[in-house]
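Please read the structure below before turning to the comments.
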Amino acid sequence: MDQARTWDAAKSGAERNEPQRYNPDEIEPRWQARWDAQPDLYAAEPATCGKPKFYCLEMLPYPSGQLHMGHVRNYAIGDALARFMRMRGYNVLHPMGWDAFGLPAENAALKNNTPPREWTLKNIAQMKAQMSRIGYSYDWAGTETTTCLPEYYRWNQWFFLKMVERGLAYRKSSKVNWCPQCATVLANEQVVAGCCWRHEEQIVEQRELEQWFLRITRYADELLDGLNEMPGWPEKVRTMQRNWIGRSEGAEVDFVVAPALGEQAGKVAIKVFTTRIDTIFGATSIQLAPEHVLVKEWAKIDPALSRAVASMIAEQKAARETGDIGNIEKHGVATGRMAINPFTGERLPIWVANYILADYGTGAIMSVPAHDERDFDFASKYGLPEKRVVAGAGEEDAPLPYIGEDAVLVDSGEWTGQSCAAAQEKMALFAQQRGFGKKTTTYRLKDWGVSRQRYWGTPIPMVYCERGHEGVEPGGVVPLPESALPVLLPEQVEITQAGGSPLAWVPEFLHTTCPVCGGPARRETDTMDTFVDSSWYFYRYADAKNPFQPFDPQTANYWFPIDQYIGGVEHAILHLIYSRFWTKVMRDMGMIRNSEPAERLFTQGMVIKDGAKMSKSKGNVVSPDDMIARYGADATRMYALFAAPPDRDLEWQEEGVAGISRFLARVYRLGTKYAETVRKATGRPEAGSETAQRLLRSLHQTIAKITEDFQARWHFNTCIAAIMILVNEITAAEPSLDRGEVSSATLAEMLRTLTLLLAPFAPFLAAELWQQMGGSRQVFAQAWPTADAELAKEHEIEIPVQVNGKLVNVIKLPAQADEAAIKAASLADERVKARLADKTIVKHLVIDKTSGKLVNLVVK
RNA sequence: GCCCGGAUGGUGAAAUCGGCAGACACAGCGGACUUAAAAUCCGCAGGCCCUAACCGGCCGUGGGGGUUCAAGUCCCCCUCCGGGCACCA
């Protein structure tokens, strides 16, 4: 405990008659108890309420058990917005829930022998208590959603069955990312620089496994094109998603392999993918990925090739695992086989090269050294020829490789003279007509692997029929009927770190009957990726208690799209791309009308300390509980909004929190000092005295400023600065107030409005002052104040006068002074005169903008 | 390599449409109150120069150029920092 607090407590006890000492430890829990007793306090109204709707959403937390400062900031932003919009007359939906499945619960189970469910629910209770202590205005009663409970995850299963029906969920064996520490598969999105997203030091291995996939690639084009029509999303996020989807348009062309002795002619063709079919006359070799099927075949009968290929595969694997795939030295080996260029009839040698990736495009390329840098490097190394087939105007002899596309074809048969762009179209079409190719598009985006070999997740509602039945082979996969849902996750399961799902060791779970033939069946023992849970939770919020369906479509259509989504940029790809995918699937199922989940997205900056992200290993973690204990929830959350604009990183400085706390104490002293006067005040505010006029003017300027900064700019830091300025002015006017120079009605207007302005940022203090000042109902249910432009108007304005663009003096004039008067006054100013001596005036500019006036004298 | 951000006092930042750079705070310094300290209140505070002090002058928003009566803000070039993608054919 710091000294200040100890002293404070002692003194406030000794001086019980001095009510103006700010003590958040007393005020905040008192209001918290009141609010907690009404779980529907912040409930949204029905669609029929007639107000415009506003869906304010913050990303749901993983229930680790402890809120961190990033949460506090994220939720302080959302809460200020929700409170503001409520006061502005909107019907606000402000929900909260728990992303409650996931690996940490299993790790905790291993460590302390606590069942994951118990551990998770305990953490939720803890974090909910923290949130309540901070005073966030969530509609707990109406929206709270916990993804690890069957009431929620049964709908994951339901969606999964719908996706199976629609061909959007399928099973295949594939090479997958495997994290040995998680002992499970990772989605591509969960691999960062070759390492696990949860274990930054752990290199991800590649394993071959049977997995469930969701066909997100079916929506690749829509996911990509939609980004162009999302002005409410940050450009950064849209760019990241564009890169991630990685669409590249080009063509596939078949190069027939020249038959070896004893082989039939024209039997085997190599499909290459190229974005530059216009350069095909310049192809001088074909390059295959080491894992290409043909390579495997040829390697069988060619031990030397086999060895070379094996070492390349090992090399690629190692490079991929360390994230160095882009830096490995290019090399390759000739197979001795030839392929025929369908455009020229030329025979090209077929090579295997370590820079060709099996999982992109077709795993085969045509190598055009003259017009591709990588091919050029490779060809130079092995003495393969370069053949120029493209040249820019006046650049016929430009050095190779020549990459430009604003050029025309040369030495390309009948295509010679065509522009690259035209040739790309026409040559692809030609290939298609002749049956040896077509236009095609490839994506970096892969289907979403959702199987996890873990216990603490949603069971996948599929079984394997052991005997088989009509249309299903023995061991074949059968979807469960909807009536079999939910497939409950068994409790009392022993968690092991070994590979494979722990569910496979639970006989009661594993063994079941086939829903079609009634014969014995085994359940799928993998569970779903937790990103499934978070892909649609915000729809459930709109109708969280619905026992019959994931949500009522009509209700969802009222609330969606989300008006404002707020969260960290670290979810720019994973969660935000899956959510968009899920929304489109639900739209196609006819459940909703919107194609995108959120109208606007805001990504707040990180909370840092000593210039680095807070982390246990760096020892720079600031605990929210600690801050609240020292300075109160109001000061803590207000500092999180004041110290930086919300999109920037925020450096946590405890002295700053103390500063906000001092400010709140000043407000409290001011409010309580005049509370009785305010309570008893009657009549209308009036600008009787000069002080009253000045105060009212400041008040209305402040209302205008805060309203504007809040809704148009999201600059909460300047909103709070404006409140501070107002408080400073009222404090400075205290002698006047005490002399009775301002009517009690005017004073009441000042202090009540100040309280309303403070309400979105410091809800506890605002509630307390509002009550002490005799306000009716709760402060957050009040209407947001409106600025009176007339009262806000300045009577006298200050006009800076510049000479040659340099400030010389500031003159004061009545607000209505016209241009002639301003010119005259500026020339009459002594300091200006001094500057003008022996000079000629070239121009005498009077600038008049809404932001203010300015004079500039241009002299020679 | 490509793409997206960012750089302003000792610190966090402000300047919304091209118009007084540094609002509002933090830290600091000086003063009042106090036996003392804390708290609170009042004041000072970008840098340099001139001055005993005032008065005053010059410079200043990562660097260089440009447009303009006027540039932190617009244009061109560059540096550094953060983030994303990357032998993606």
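Everything quoted here is computed from the prediction, not taken from an experiment. Quick note on labels: first sequence line is chain A, next is B, and so on, each numbered from 1.
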Using the [atom1] atom as the reference point in each nucleotide, state the distance between [N] and [M] in Å, no decimals.
N: B/rA25; M: B/rG62; atom1: C1'; answer: 25 Å
N: B/rA27; M: B/rC78; atom1: P; answer: 43 Å
N: B/rG46; M: B/rG22; atom1: C1'; answer: 8 Å
N: B/rC85; M: B/rC20; atom1: C1'; answer: 45 Å
N: B/rG56; M: B/rC75; atom1: C1'; answer: 37 Å
N: B/rG64; M: B/rG12; atom1: P; answer: 23 Å
N: B/rC87; M: B/rC74; atom1: C1'; answer: 39 Å
N: B/rU8; M: B/rC80; atom1: C1'; answer: 16 Å

Heavy atoms only, 4.0 Å cut-off, all strands: where does [X] land among base, sugar-phosphate and nothing?
X: A/Phe663; answer: nothing
X: A/Glu708; answer: base
X: A/Asn728; answer: sugar-phosphate
X: A/Lys860; answer: nothing
X: A/Gly659; answer: sugar-phosphate
X: A/Ile725; answer: sugar-phosphate
X: A/Ile660; answer: nothing
X: A/Pro645; answer: sugar-phosphate

Nearest nucleotide by nearest heavy atom, which residue falls closer to the 5' end of RNA chain B, A/Gln241 or A/Thr442?
A/Gln241
Let me know, please, whether A/Gly805 or A/Leu650 comes out on the 5' side of the other along RNA chain B by nearest nucleotide.
A/Leu650
Among residues at least two apart in sequence or on other chains, which ones pass salt bridge (Lys or Arg N to Asp or Glu O under 4.0 Å) with [X]?
X: A/Asp634; result: none
X: A/Lys839; result: none
X: A/Glu819; result: A/Lys823
X: A/Arg242; result: A/Glu235

Looking at OG of A/Ser285 and CZ of A/Phe378, how far apart are the two atoms once the value is rounded to the nearest 0.5 Å?
7.0 Å
Would you tabulate the pairs of protein nitrogen or oxygen atoms and nucleotide nitrogen or oxygen atoms of nucleotides 55-60 of chain B closer than 3.5 angstrom?
residue	atom	partner	partner atom	Å
B/rG56	OP1	A/Arg831	NH1	3.4
B/rG57	OP1	A/Arg835	NH2	3.0
B/rC59	OP2	A/Lys806	NZ	2.9

At under 4.0 Å, does any side-chain N or O of A/Asn717 touch on OP1 or OP2 of B/rA14?
yes
Short question: side chain of A/Asn354, backbone of A/His331 - any donor-acceptor pair under 3.5 Å?
yes
N/O donor-acceptor pair under 3.5 Å between A/Thr440 side chain and A/Glu252 backbone
no
Is there a donor N/O on one and an acceptor N/O on the other, under 3.5 Å, for the side chain of [X] and the base of [N]?
X: A/Lys843; N: B/rC69; result: no
X: A/Lys849; N: B/rU16; result: no
X: A/Thr850; N: B/rC17; result: yes

From the list [options], which nucleotide is the closest neighbour of the side chain of [X]?
X: A/Leu854; options: B/rC87, B/rC24, B/rC20; result: B/rC20
X: A/Ala721; options: B/rG19, B/rC24, B/rA39; result: B/rC24
X: A/Lys705; options: B/rA89, B/rG84, B/rU16; result: B/rU16
X: A/Arg662; options: B/rC20, B/rA14, B/rA27; result: B/rA27

Taking side-chain contact (heavy atoms from CB on, under 4.5 Å) as the test, write out the residues that go with A/Ile730, two or more places apart.
A/Leu670, A/Leu695, A/Leu726, A/Leu737, A/Met750, A/Leu751, A/Leu754
Sequence-distant partners of A/Ala283, side-chain contact (heavy atoms from CB on, under 4.5 Å), two or more places apart
A/Asn341, A/Leu348, A/Met366, A/Val368
What is the separation between atom [atom1] on [X] and atom [atom2] on [N], rounded to the nearest whole Å?
X: A/Asn856; N: B/rG19; atom1: CG; atom2: P; answer: 13 Å
X: A/Lys853; N: B/rC17; atom1: NZ; atom2: P; answer: 21 Å
X: A/Met240; N: B/rG82; atom1: CE; atom2: C1'; answer: 12 Å
X: A/Leu807; N: B/rC20; atom1: CG; atom2: P; answer: 9 Å

Test side-chain hydrogen bond (donor to acceptor under 3.5 Å, both in side chains) applied to A/Arg276 and A/Thr279, A/Asp278, A/Thr274, the passing residue:
A/Asp278
Could you identify which residues of residues 366-378 of chain A place a heavy atom less than 4.0 Å from some atom of RNA chain B, listed by residue number, or say none?
A/Arg374
All N/O donor-acceptor pairs, side-chain side in residues 643-653 of chain A, below 3.5 Å, sequence neighbours left out:
residue	atom	partner	partner atom	Å
A/Asp649	OD1	A/Met606	N	2.9
A/Glu651	OE1	A/Gly611	N	3.0
A/Glu651	OE2	A/Asp610	N	2.7

Show me the dot-bracket string of RNA chain B, counting Watson-Crick or G-U pairs under 3.5 Å, with | for pairs to another strand and [ ] for crossing ones.
(((((((..(((......[....))).(((((.......))))).((((......))))..(((((..]....))))))))))))....
Under 3.5 Å, is there a donor on one side chain and an acceptor on the other for A/Tyr443 and A/Asp221?
yes
With 3.5 Å as the limit, what N/O pairs link the protein to nucleotides 2-11 of chain B?
residue	atom	partner	partner atom	Å
B/rU11	O2'	A/Gln653	NE2	3.3

Would you call A/Leu827 and A/His844 a side-chain contact if the rule is heavy atoms closer than 4.5 Å?
yes
Quick one: classify the glycosidic conformation of B/rG30 as syn or anti, with syn meaning within 90° of 0.
anti
Syn/anti state for B/rC17 [syn: chi within 90° of 0]
syn
For [Y], is there an ion pair with [X] - N to carboxylate O distance below 4.0 angstrom?
X: A/Arg697; Y: A/Glu794; result: yes
X: A/Glu425; Y: A/Lys439; result: yes
X: A/Arg247; Y: A/Asp225; result: yes

Pairs in or reaching into residues 370-381 of chain A: which pass side-chain hydrogen bond (donor to acceptor under 3.5 Å, both in side chains), with residues at least two apart or in two chains?
A/Glu329-A/Lys381, A/Tyr355-A/Asp375, A/Asp372-A/Arg374
